[in-house]
There are 2 protein chains.
Amino acid sequence: MTYAHAIDETLIALADPTRRAILQRLRTGAMPVGILAEGLPVSRPAVSQHLRILTDAGLLIVTPQGNRRLYGLAPAGMNGLRAYLDDLWGDALAAFAQAAHDLSKDDTHDT
Amino acid sequence: MTYAHAIDETLIALADPTRRAILQRLRTGAMPVGILAEGLPVSRPAVSQHLRILTDAGLLIVTPQGNRRLYGLAPAGMNGLRAYLDDLWGDALAAFAQAAHDLSKDDTHDT
DNA sequence: CATGTGCGTAAGTCATGACTTACCGTAAGC
DNA sequence: GCTTACGGTAAGTCATGACTTACGCACATG
């Protein structure tokens, strides 16, 4: 899986409100699918499908425990996305600062 | 528009590969729709539709110039999403660090 | 060992999103 | 003033995604 593909999976995973609700729930700690599904407005298999997408995107870690699987947030799960956003928007911020700087010099020059 | 809704729009905007390609193109500077569409594998109206979604999400700024509209990256466009990711994943990192710390203490205690 | 529990996946349904072509309003150029 | 250029939106098509119920496998329990 390439870096760009990983970012694609992460952003697609985060673009769904149900999956974001799952991530919010998991902030309190890892929990099994059945518990997780209880507090969500969709069926248990739907939660399972979303967990699959989140796990494939590298956002969750799974801990098997007998016939249960505990899902928790992967600590480094968001690193790639953060790096991508910094890279994409870093230039915009720098260009903005440069433009403001140039405008200031122009004004001074014209005066 | 609420904060949660703004995050929703931003993440949905970023989840599409064509829109991410548009953002990549705009790193070099603001440009009109026609120029932008030339380097993309979809039609000009499709690009216009995507620009609408990106602008509504607060990621772009539009500068009218006669019958042209220059689209550029909004410098602060990604701030809300960054804050959201820090908030969502901040606990996970802290909990991970705490767990590692507790494990270390347990090991020391047991030894 | 039989039964119950947990959960992932298959298959189907339906809404939504990404694209297209066509059209129209506004500004620019001659 | 007419023609050209720019670009947003309408309307339609089609693929995709989110959900459902049903099923089956693995583990737990009595």
* Structure fact -> Rounded to whole Å, the CZ-C1' distance (A:Arg20 to D:dA18) equals 14 Å
* To do: Look only at the side chain of B:Arg19 and the backbone of B:Ile12, and say whether a donor-acceptor pair between them is shorter than 3.5 Å.
  => yes
* To do: Taking only heavy atoms on the protein side, list every residue of residues 61-71 of chain B lying under 4.0 Å from any atom of DNA chain D, sorted numerically.
  => B:Asn67, B:Arg68, B:Arg69, B:Tyr71
* To do: Measure the angle between the two terminal helix axes of the helix from C:dC1-D:dG30 to C:dC30-D:dG1, five base pairs each, and quote it to 10°.
  => 30°
* **Donor-acceptor under 3.5 Å (A:Trp89 side chain, B:Ala74 main chain)** => yes
* In whole angstrom, give the distance that lies between atom CG of A:Asp56 and atom P of C:dG8. => 12 Å
* Could you please name the option among D:dT20, D:dA18, D:dT9 that lies closest to any side-chain atom of A:Ala46? => D:dT20
* Does a salt bridge link B:Asp87 with A:Arg27, judged by any charged N lying under 4.0 Å from a carboxylate O? -> yes
* To do: Grab the CG-P distance between B:Asp8 and D:dA18 for me, whole Å please.
  => 12 Å
* Give the cluster check for A:Leu85 versus B:Leu26: same hydrophobic cluster or not, with ILVMFWY residues linked at side-chain heavy-atom distances below 4.5 Å. => yes
* Base, sugar-phosphate alone, or nothing: which one does B:Pro32 contact when heavy atoms must sit under 4.0 Å apart? -> sugar-phosphate
* Phosphate contact (D:dT9 OP1 or OP2) by B:Ser48 side-chain N/O below 4.0 Å -> no
* **Inter-residue atom distance B:Ile22.CD1 - B:Leu59.CG, 0.5 Å rounding** => 11.0 Å
* Whole Å only: how far is the CG atom of A:Leu51 from the C1' atom of C:dG6? -> 13 Å
* Cluster overlap A:Leu36 with A:Val42, hydrophobic side-chain contacts below 4.5 Å -> yes
* Has B:Ser43 got a side-chain N or O lying under 4.0 Å from the OP1 or OP2 atom of C:dT21? -> no
* Using atom CD1 of B:Ile22 as one end and atom C1' of D:dG7 as the other, report the distance to the nearest whole Å. => 14 Å
* Side-chain heavy-atom pair A:Leu60, A:Leu73 within 4.5 angstrom cut-off -> yes
* Asked: When you look at CZ of A:Arg52, are more than 12 heavy atoms from neighbouring residues, nucleotides or ligands closer to it than 6.0 Å?
  -> no
* To do: Measure from CE on A:Met31 to C1' on C:dG6 and round the result to the nearest Å.
  => 16 Å
* What's the NE2-P distance between B:His50 and D:dG7, to the nearest Å? -> 17 Å
* Asked: OP1 or OP2 of D:dC6 sitting under 4.0 Å from any side-chain N/O of B:Arg44?
  -> no
* Asked: Is it true that a side-chain atom of A:Arg44 and a backbone atom of A:Gly34 form a donor plus acceptor pair closer than 3.5 Å?
  -> no
* Asked: Should A:Ile53 and A:Tyr71 be counted in the same cluster of Ile, Leu, Val, Met, Phe, Trp and Tyr side chains packed under 4.5 Å apart?
  -> no
* Can B:Val62 and B:Leu70 be said to form a side chain to side chain contact (heavy atoms under 4.5 Å, CB included), step by step? -> CA-CA 6 Å; B:Val62 191; B:Leu70 301 188; over 6 Å; no
Nucleotide N/O to protein N/O under 3.5 Å, stretch nucleotides 11-16 of chain D:
none

* What's the shortest heavy-atom distance between B:Pro17 and A:Asp8, and which atoms? -> CD-OD1, 4.4 Å
* To do: Measure from the side chain of A:Arg52, starting at C-beta and using heavy atoms only, and say which of D:dG8, C:dT20, C:dG8 lies closest.
  => C:dG8
